[in-house]
Amino acid sequence: MYRRFPSKDVLVRRIAEEETSRLTDQARSALGQEDEPWSALSRFLRTSVASGAGRLLPPQVLRVGVADEGEGAGLLDEARVPQQRTQPGTGELRLVPEESAGSLGSAEYDAGATALLEVVGQLVDRARAAGQLRADVSVSDVLLVIATAAPSLPDAAQQAAASARLLDILLEGLRSRPL
């Protein structure tokens, strides 16, 4: 292992880059293959969970921010994700650097994470604009579904069944309901 990777940090960064790239490709595929917004988002989530993508995503992509007591009890900040902010006047998502990113803060990783946020953002925006996704669901929420919907079980068949069941429940929770 150390012949290819000089340290554990470099190995972890490489795994995170590959996982981010795989998820980005799956999101682009869903955007290109599905005309209906909810079908595209659902396809992306099902494909990603079935392939096991997301289990090794870096925590920087998955962190959800919580508002301070003074900002409103229990409310989340505007973007809900510290590293996902809207560029003023453009409506584009950008990655906000963290002081704690350390060795995972490479330019290549940042570019990959930004691409992932943008493509998943398109899926989320389309589904939300069509009224099929709850208005409070963020890109980070979608990535969190991928990271958590594949429980680790010793039997592969049980794991697949549990993942499919959990994903069905989570998808129902993400879906917008008429008032």
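Nearest heavy-atom pair across A127 and L41 is CB-CD2, 4.2 Å. Closest heavy-atom contact between G52 and E19: O-OE2, 3.6 Å. Counting all heavy atoms, side chain and backbone alike, R134 lies closest to R128 at O-NE, 3.9 Å. In plain terms, the two heavy atoms of L123 and A30 that are nearest each other are CD2-CB, 4.5 Å.
Taking CD of E172 as the start and CG of L167 as the end, the distance is 10.5 Å to the nearest 0.5 Å. To the nearest 0.5 Å, atoms CD (Q26) and CD1 (I146) are separated by 7.5 Å. Between the OG atom of S42 and the CZ atom of R175 there is a distance of 8.0 Å, given to the nearest 0.5 Å. For the atom pair CH2 (W38) and CG (L171), the distance works out to 5.0 Å, reported to the nearest 0.5 Å.
Under a 3.5 Å cut-off, the side chain of D141 and the backbone N or O of S138 do form a donor-acceptor pair. Remark: the backbone N or O of S48 is paired with a side-chain donor or acceptor of S51 at under 3.5 angstrom.
At a threshold of 4.5 Å between non-hydrogen side-chain atoms, the residues L45 and L170 do not count as touching. Looking at I15 and L11, their side chains come closer than 4.5 Å, going by heavy atoms from C-beta outward. A heavy-atom distance below 4.5 Å is not found between the side chains of L166 and V49. Between R14 and R4 there is no side-chain heavy-atom pair separated by less than 4.5 Å. Here the side chains of F44 and V142 are in contact, with some heavy-atom distance below 4.5 Å. Using a 4.5 Å heavy-atom cutoff, the side chains of L31 and R126 are in contact. Within the 4.5 Å cutoff, the side chain of T24 has heavy atoms near those of the R28 side chain.
The salt bridge (Lys or Arg N to Asp or Glu O under 4.0 Å) contacts involving residues 44-53 comprise R46-D168, where partners must be two or more places apart or lie in separate chains.
Applying the side-chain contact (heavy atoms from CB on, under 4.5 Å) test between L116 and each of D25, V139, L143 identifies L143 as the sole match.
Within 6.0 Å of CG in D35 there are 12 or fewer heavy atoms belonging to other residues, nucleotides or ligands.
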